[in-house]
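Predicted model only: the values in this text are computed from it and were never measured. Residue numbers begin at 1 in each chain, while the letters A, B, ... track the order of the sequences.
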Amino acid sequence: MATEVKVPQGLWQDDGMEAVITNWLASDGATVRKGALIAEIMVEKSQFEVTAPADGVLKISKQIDDIVRKGDVIGQIT
Amino acid sequence: MTATTEVAGPVRGLALADALAWEASCLADIAAGRRTASARLWSCEPALVAPARMARLPGFARACTRAADAGWPVHLRATGGDLVPQGPGIVNLTLMFREPQGAASTLEDAYKRLTAPICEALSDAGIPSRYGAVSGAFCDGRFNVIVTGRKFAGTAQRWRPMAGGMAVQTHAMMLIRTPDENTIATLNRFYQDCGINRVIHAMAHVGLQELFQLAGRKATQHRFLRMIADRARSCPEAALPCGLPLRGQRGVRSPAR
């Protein structure tokens with residue numbers, strides 16, 4: 001069963017505000033542990049750390065510099 | 001290059017590398033539950049500070065070399081935003097805290113918490129301020145503190161998930177002196193070397209000394225900064241200030257993680 005890696009909800013108020021993926025700290029296909037820092041996104045000069053929501057193999061679906069919004073799925077862990 | 005900070009009182013002169021390392025260490029402590037909050041008012045030697053993502057730009061290495069040769073070593077930082085200058089004419093406020101899960105706090109709330117001491121101190125000095133972007137300002141953003149339509153303080157943040165909430169690092173840089181043309185030319189040259197089509201204008205910024213028209217009257221300036229320090233200290237368990245020796249740095253430095 002896959003666990004989605006999502007842009008966190010509720011960290012900013014403006015639903016229309018766009019974020020950008022600034023870094024992937026784990027590679028596509030890498031084995032990651034729950035809680036490990038795997039990506040960074042930036043919005044409004046604020047850098048948010050995205051951690052792995054589960055143990056498993058990471059499949060990246062959004063690339064560095066891609067624009068994302070609250071709740072968007074940026075990867076999966078299986 | 002080594003420089004002596006011209007602001008004293010509640011402001012501590014730090015080597016920029018040490019200040020960035022302290023921020024990283026403090027955020028890690030908060031995320032690990034070893035402390036709940038911290039604050040620091042600091043100033044450092046002349047340097048440029050870029051967000052880490054800028055290091056991926058093709059012209060970045062050359063831009064760093066040229067800037068360092070001109071007396072502006074380049075450091076990388078962990079918060080978001082864009083290229084900024086540092087130096088004796090700038091005072092930084094770093095405020096870190098923990099947001100418990102369910103607190104419904106957002107980055108907008110965190111910016112307001114960070115800038116409240118600055119806006120209150122300005123207000124007490126009879127200077128109205130507001131949030132907003134300023135065309136032609138460096139590291140522009142919606143949560144600049146602006147006075148008379150010009151940028152007085154810039155802001156940035158970093159958020160780290162932790163057990164039961166988020167560890168939040170907020171940072172404001174306040175202009176004590178309005179940036180001079182050499183500083184602005186250095187920023188514009190750096191952008192040009194990185195292939196970024198952006199032009200910064202000195203008149204988009206305003207320093208505290210210009211606002212106070214107090215050249216030479218540092219006591220007033222120190223009272224203003226003391227007020228900010230006292231208000232930032234109201235953050236639970238915040239510790240102000242914590243001095244480290246000032247020393248010069250050259251080349252590109254990354255914050256410790």
Inset, instruction - Quick one: do E108(B) and E44(A) satisfy side-chain contact (heavy atoms from CB on, under 4.5 Å)? Show the steps, please. - result: CA-CA 9 Å; E108(B) 292 95 336; E44(A) 203 66 62; over 6 Å; no
To the nearest 0.5 Å, what is the distance between [atom1] ([X]) and [atom2] ([Y])?
X: L107(B); Y: K45(A); atom1: CG; atom2: NZ; answer: 12.0 Å
X: M166(B); Y: E49(A); atom1: CE; atom2: CD; answer: 8.0 Å
X: T22(A); Y: R56(B); atom1: OG1; atom2: CZ; answer: 7.0 Å
X: Q169(B); Y: S46(A); atom1: CD; atom2: OG; answer: 10.5 Å
X: R160(B); Y: Q47(A); atom1: CZ; atom2: CD; answer: 11.0 Å
X: W12(A); Y: Y111(B); atom1: CH2; atom2: OH; answer: 11.5 Å

Legend entry - Side chains of R53(B) and M42(A) in contact at under 4.5 Å (non-hydrogen atoms): yes
Inset, instruction - Report the residues that fulfil salt bridge (Lys or Arg N to Asp or Glu O under 4.0 Å) with D193(B), sequence neighbours left out, ordered by chain and then residue number. - result: R62(B), R66(B)
Inset, instruction - Give me the contact list for residues 60-70 of chain A versus chain B, heavy atoms only, anything under 4.5 Å, ordered by residue number. - result: I64(A), D65(A)
Legend entry - Interface moiety of V50(A) toward chain B, non-hydrogen atoms closer than 4.5 Å: neither
Inset, instruction - Could you have a look at C139(B), A52(B), A110(B) and say which one has the most heavy-atom pairs with chain A under 4.5 angstrom? - result: C139(B)
Inset, instruction - Under 4.5 Å heavy-atom distance to chain A, tell me which part of R142(B) shows up: side chain, backbone, both or neither. - result: both
